[in-house]
Protein chains: 2
Amino acid sequence: MERTMVDIERATTALKLLGDKTRLTIIGLLRGNECCVCEFVEILQMSQPAISQHLRKLRDAGLVQEERKGHWIFYKLNENSDIFPLVVSVLEHIPDQKEKLEALEKSGKRIKCD
Amino acid sequence: MERTMVDIERATTALKLLGDKTRLTIIGLLRGNECCVCEFVEILQMSQPAISQHLRKLRDAGLVQEERKGHWIFYKLNENSDIFPLVVSVLEHIPDQKEKLEALEKSGKRIKCD
DNA sequence: TGCAAATATAAGCATATACTTATATAGTGA
DNA sequence: TCACTATATAAGTATATGCTTATATTTGCA
């Protein structure tokens with residue numbers, strides 16, 4: 001249980017980031033998946049700069065990690081973050097977002113890089 | 001588990017409210033306690049209108065309930081709210097705030113109305 | 001080597017947010 | 001009924017936030 005506690009300031013940083021529909025959806029999509037920017041753009045129907053700016057905030061706070069693979073930069077949850085347990089707890093209360101990724105896959109727009 | 005799920009919009013509403021240090025502390029103080037406005041003012045060292053405005057937002061979203069007892073209006077967590085389970089999950093990751101109430105009690109400023 | 005795709009960054013702007021101060025309202029007790 | 005206490009509300013303001021458009025950077029490939 002120790003490992004899951006953070007101080008109030010750190011918690012508010014995380015919660016403020018999660019308290020935005022776009023970012024919460026992004027984090028939901030990253031639950032068990034890696035995604036690149038253009039996938040978020042497609043799923044969320046938002047401009048690329050808007051998505052990149054959200055991802056930057058998430059990365060600055062340590063919630064996500066990025067990894068370049070060729071043309072694409074893939075994002076994933078940072079499981080080593082002090083606030084990762086808090087993030088997981090929050091995700092347990094919202095609907096799974098994986099259908100959106102499956103829809104992407106069906107439309108042939110999902111990016112695979114392995 | 002069904003009972004603890006909310007849609008993304010509702011979750012962001014709750015998380016946005018919790019993503020503020022003052023409000024998260026208020027919610028933390030209300031975990032297992034009832035408090036009146038003047039106690040929050042004392043503990044958080046903020047102006048009464050500022051506290052009242054935060055409480056109004058929390059009440060408007062259904063996170064807390066108010067009950068007048070004589071001079072004072074006591075606030076408590078709304079355990080019937082759809083987002084109560086989410087709130088509880090979040091609180092499990094932050095330090096207990098009850099020492100602050102105990103300190104109030106020691107200084108004779110805790111309000112009891114029973 | 002040069003171009004196209006994916007992404008990041010910068011600047012500008014409209015709206016949201018969290019205070020402040022001033023004032024209104026409600027309950028209690030003399 | 002009046003005055004005091006606790007709280008709410010309103011209006012104003014400074015700062016934060018989330019977009020937009022324009023531009024820079026990085027990589028793979030012809």
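What's counted below: heavy atoms across the whole structure, side chains too, no hydrogens, waters or symmetry copies. Sequence lines set the chain letters: A, B, ... in the order given, protein chains first and strands last, and positions in each chain run from 1.
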task = Ignoring hydrogens and angles, tell me if any N or O in the side chain of B:His93 forms a donor-acceptor pair with the backbone of A:Thr4 under 3.5 Å.
result =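 Yes; judged by distance alone, with no hydrogens or angles, the pair exists.
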query = Is the backbone N or O of A:Asn78 less than 3.5 Å from a side-chain atom of A:Asn80, with the two atoms forming a donor-acceptor pair by type?
reply =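 Between the backbone of A:Asn78 and the side chain of A:Asn80 there is no qualifying donor-acceptor contact (under 3.5 Å).
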For [X] and [N], give me the distance from atom [atom1] to atom [atom2], rounded to whole Å.
| X | N | atom1 | atom2 | value |
| --- | --- | --- | --- | --- |
| B:Leu58 | C:dA18 | CG | P | 10 Å |
| A:Ile111 | D:dG28 | CD1 | P | 15 Å |
| B:Glu34 | D:dT7 | CD | P | 13 Å |
| B:His54 | C:dT20 | NE2 | C1' | 12 Å |
| B:Leu18 | C:dA18 | CG | C1' | 16 Å |
| A:Arg68 | D:dT25 | CZ | P | 14 Å |
| A:Asp60 | D:dT17 | CG | C1' | 15 Å |
| A:Glu42 | C:dA5 | CD | C1' | 15 Å |

Which donor-acceptor pairs under 3.5 Å do the side chains of residues 81-88 of chain B make with protein atoms, sequence neighbours left out?
residue: B:Ser81; atom: OG; partner: B:Ile83; partner atom: N; Å: 3.1
residue: B:Asp82; atom: OD1; partner: B:Arg10; partner atom: NE; Å: 3.1
residue: B:Asp82; atom: OD1; partner: B:Arg10; partner atom: NH2; Å: 2.9
residue: B:Asp82; atom: OD2; partner: B:Arg10; partner atom: NE; Å: 2.8

request  = Mind running salt bridge (Lys or Arg N to Asp or Glu O under 4.0 Å) on A:Glu34 and A:Lys69 for me, showing each step along the way?
outcome  = CA-CA 11 Å; A:Glu34 298 194 357; A:Lys69 294 183 185 174; 3.3 Å; yes
Show each protein N/O and nucleotides 13-17 of chain C N/O combination with a separation under 3.5 Å, one pair to a line.
none

At their closest point, which heavy atom of [X] faces which heavy atom of [Y], and how far apart are they?
| X | Y | answer |
| --- | --- | --- |
| A:Ile27 | A:Leu63 | CD1-CD2, 4.1 Å |
| A:Val6 | B:Pro95 | O-CD, 3.2 Å |
| B:Leu17 | B:Ala61 | CD1-CB, 3.3 Å |

key: Nucleotide-resolved protein contact map, nucleotides 8-15 of chain D, B/S/- at heavy-atom distance under 4.0 Å   = BBBB----
Taking only distance into account, with no hydrogens and no angle test, what donor-acceptor pairs under 3.5 Å do side-chain atoms of residues 39-46 of chain B form with protein atoms, sequence neighbours excluded?
residue: B:Glu39; atom: OE1; partner: B:Cys36; partner atom: N; Å: 2.9
residue: B:Glu39; atom: OE1; partner: B:Arg110; partner atom: NH1; Å: 3.0
residue: B:Glu39; atom: OE2; partner: B:Arg110; partner atom: NH1; Å: 2.9
residue: B:Glu39; atom: OE2; partner: B:Ile111; partner atom: N; Å: 2.7
residue: B:Glu42; atom: OE2; partner: B:Lys109; partner atom: NZ; Å: 2.9
residue: B:Gln45; atom: NE2; partner: B:Glu42; partner atom: O; Å: 2.9

Report, one pair per line, the protein and nucleotides 28-30 of chain C atoms (nitrogen or oxygen only) whose separation is under 3.5 Å.
residue: C:dT28; atom: O4'; partner: B:His71; partner atom: NE2; Å: 3.4

inquiry  = With a 4.5 Å cut-off on side-chain heavy atoms, are B:Arg56 and B:Gln53 touching?
reply    =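 No, side chains not in contact.
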pair A:Trp72-A:Val37: side-chain heavy atoms closer than 4.5 Å =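 No. Closest side-chain heavy atoms not under 4.5 Å.
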request  = Return no unless some side-chain N or O of B:Thr22 is found under 4.0 Å from OP1 or OP2 of C:dC19.
outcome  =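 The answer is yes; a side-chain N or O of B:Thr22 sits under 4.0 Å from OP1 or OP2.
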message = By the side chain to side chain donor-acceptor pair (under 3.5 Å) test, which pairs, at least two apart or in different chains, include something from residues 13-26 of chain B?
response =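 Every side chain to side chain donor-acceptor pair (under 3.5 Å) pair that includes a residue of residues 13-26 of chain B, provided the two are not neighbours, is A:Glu9-B:Lys21, B:Arg23-B:His54.
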request  = Starting from the 5' end of DNA chain D, give me the residue, A:Gly19 or B:Glu39, whose nearest nucleotide shows up first.
outcome  =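 Residue closer to the 5' terminus by nearest nucleotide: B:Glu39.
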